[in-house]
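Here the structure comes first, spelled out in structure tokens, and everything after it is commentary.
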Amino acid sequence: MMLNKKSIDDLVVKGKKVLVRCDFNVPLQDGVITDENRIVAALPTIEKLIQEGAKVILCSHMGKPKGEPKPELSLAPVAKRLCEKLGKEVVFAKDDNVVGENAKKAVAQMKDGDIVLLENTRYRKEETKNEESFSKELGSLAEIFVNDAFGSSHRAHCSTVGVTKFVKESAVGYLMEKEINFLGNAVNNPERPFVAILGGSKVSDKINVINNLLEKVDTLIIGGGMAYTFAVAKGGKVGKSLLEEDKVEYAKQMMKKAEEKGVKFLIPVDTVITQEFKNDTPFKTVSTMNIPDDWEGLDIGEESRKIFAEAIQGAKTVVWNGPMGVFEFPNFAKGTQAVAEAMAQIDATTIIGGGDSAAAVNQLGYGEKMTHISTGGGASLEFLEGKELPGVAAVDDK
Ligand code: AMP
């Protein structure tokens, strides 16, 4: 897919201050970064800008501090990790108001090729409301803005959208380009057969994705908690499994649409059920269409694993978003593992749409086997819905 937006290759950055919005929203445990994928994914853009002699000012959000400084959500650990990764000093501008005295002073002292990291943009309450005052402050630090935060590009915030109005020039970074090229090509220009797999807990989160993907795929596989709403739409009984009664009618419409379009629509034929929502509890496998009262489905069954794996084996393009079961419990992770394994084994374009499925694939050690693992769960879902991402739309056209 050709992205009609300015890229960093279209910019002349030597000696200029460039504000780069990254997605450094990494998981932290007691102040230690437990998964550095998003930091690693941001390096190509940062390294290119340093090499070209820009003054590189980085910003990002982390978690949800809800508009006030929360020390446990400081970007300080990211500054340290970035330093190690780049082998270069990263000056951390520790301002509770993000663009404060420290940031202004650090930026004023920058030489070509230097790096400054600002504090968590969501320390400011204006950020998530895209309010002009904070956008202006961010823009005042630099001449050029580069958006490389794919994982945040579905949100119209000051640091993804508003800031573009207060700089001379804006562009997308390498990670943003890569994400959009992989996801865009897979969905709009797929080598066939094209199989999409959706899982997770809620049909309501994925309504538009299902509808849009039915226009494009050869096979749509539905697993996870959302599958039970489809089982009920087919006349099944699902006990106390997750069910969205108000989406049963929609599920019927989607299955009808699939039939009209000649899309193969697979839901699990069997389900692993329990009486309690925990790992260490007795479980058994029954038909998805006939789950007893007081039992709930927590994973797809063995027969479904086989059927889904076979569908994946025949594919040339596979896009996956959402676990097949409660994979956080090892006893109910087999369906998610089976899909990851089937995707790892085939010679096809395999794309993981971020979030839980990306975590599962990495945990299982299949990361290297996939064509592309998106750094953005919510953003990749909105992309798969066919929506324009506000953080991309706001960037200057080529
Ligand atoms: P989502 O946030 O909608 O992508 O859903 C991810 C969550 O769905 C994970 O935390 C899973 O544990 C959960 N999940 C998947 N399958 C089931 C199920 N059968 N019952 C309850 N939760 C599920």
Side-chain angles (χ1 to χ4, degrees), residues 195-207 209-211 213-214 217-279 281-315 320-329 331-342 356-357:
V195 176
I197 308 148
L198 296 175
S201 52
K202 286 205 211 124
V203 178
S204 43
D205 285 351
K206 302 207 165 93
I207 282 187
V209 185
I210 298 170
N211 194 23
L213 285 176
L214 281 175
V217 298
D218 300 294
T219 301
L220 184 61
I221 297 176
I222 306 266
M226 61 193 277
Y228 304 109
T229 300
F230 288 88
V232 167
K234 283 177 120 177
K237 265 178 60 227
V238 297
K240 58 173 189 175
S241 306
L242 282 185
L243 170 65
E244 285 168 273
E245 302 223 31
D246 59 336
K247 294 294 174 296
V248 171
E249 198 46 45
Y250 171 80
K252 281 185 192 161
Q253 283 168 21
M254 288 302 105
M255 291 191 286
K256 187 157 165 262
K257 178 169 172 174
E259 203 178 314
E260 285 163 7
K261 298 220 161 256
V263 172
K264 209 160 150 192
F265 197 96
L266 300 177
I267 69 166
V269 293
D270 57 352
T271 290
V272 185
I273 59 170
T274 69
Q275 286 184 295
E276 282 184 280
F277 189 83
K278 58 182 191 184
N279 186 57
T281 181
F283 54 86
K284 60 183 180 182
T285 302
V286 297
S287 156
T288 309
M289 299 297 279
N290 204 3
I291 299 175
D293 295 346
D294 289 334
W295 290 73
E296 66 181 308
L298 295 192
D299 195 9
I300 62 174
E302 191 179 353
E303 186 61 24
S304 308
R305 299 202 290 269
K306 230 191 272 165
I307 294 170
F308 289 5
E310 271 165 24
I312 293 167
Q313 273 149 19
W320 177 28
N321 189 301
M324 295 291 100
V326 184
F327 76 105
E328 296 92 335
F329 299 154
N331 282 337
F332 306 102
K334 293 197 187 89
T336 303
Q337 281 165 4
V339 165
E341 193 176 301
D356 287 331
S357 353

Report the distance from atom [atom1] of [X] to atom [atom2] of [Y], rounding to the nearest 0.5 Å.
X	Y	atom1	atom2	result
K252	M254	NZ	CE	13.5 Å
I273	E296	CD1	CD	10.0 Å
T219	L213	OG1	CG	12.0 Å
F283	L298	CZ	CG	10.0 Å
I222	L198	CD1	CG	5.0 Å
I207	I210	CD1	CD1	7.0 Å

Taking [atom1] in [X] as the centre, count heavy atoms belonging to other residues, nucleotides or ligands within less than 6.0 Å. Is the count above 12?
X	atom1	answer
Q253	CD	yes
E259	CD	no
K240	NZ	yes

For the residue pair [X] and [Y], what are the closest heavy atoms and their distance?
X	Y	result
V272	G301	CG2-CA, 4.0 Å
S241	I291	OG-CD1, 3.7 Å
P268	A227	CD-CB, 3.6 Å
Y228	T271	OH-CG2, 3.2 Å
A231	T288	CB-CG2, 3.9 Å
E244	S201	OE1-O, 4.4 Å

message: Would D205 and M226 count as a side-chain contact (heavy atoms from CB on, under 4.5 Å) here? Give the steps.
response: CA-CA 10 Å; D205 285 351; M226 61 193 277; over 6 Å; no

Keeping the roles fixed (side chain from [X], backbone from [Y]), state whether a donor-acceptor pair exists under 3.5 Å.
X	Y	result
K334	D299	no
T336	P323	no
D270	S304	yes
T281	K278	no
T229	L243	no
K237	D293	no

field: Listed partners of M255 passing side chain to side chain contact (heavy atoms under 4.5 Å, CB included), at least two apart
entry: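 In terms of side chain to side chain contact (heavy atoms under 4.5 Å, CB included), with neighbours along the sequence ignored, M255 is linked to F230, A233, K234, F265.
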
- request: Evaluate the side-chain contact (heavy atoms from CB on, under 4.5 Å) criterion for residues I197 and M324: first the C-alpha distance (whole Å), next the side-chain angles of each, then the deciding distance (0.1 Å), finally the verdict.
  value: CA-CA 9 Å; I197 308 148; M324 295 291 100; 3.5 Å; yes

- request: Inspect the contact between E310 and K306 and indicate whether a charged nitrogen and a carboxylate oxygen are less than 4.0 angstrom apart.
  value: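 Salt bridge between K306 and E310, a charged N being under 4.0 Å from a carboxylate O: no.
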
message: Show, in sequence, the C-alpha distance, side-chain angles and deciding distance for N321 and V209, and conclude whether the side-chain contact (heavy atoms from CB on, under 4.5 Å) test is met.
response: CA-CA 10 Å; N321 189 301; V209 185; over 6 Å; no

message: Between F308 and I300, is there a side-chain heavy-atom distance shorter than 4.5 Å?
response: yes

- request: Please examine the side chains of W295 and V286, heavy atoms only from C-beta on, and report whether any two atoms are closer than 4.5 Å.
  value: no

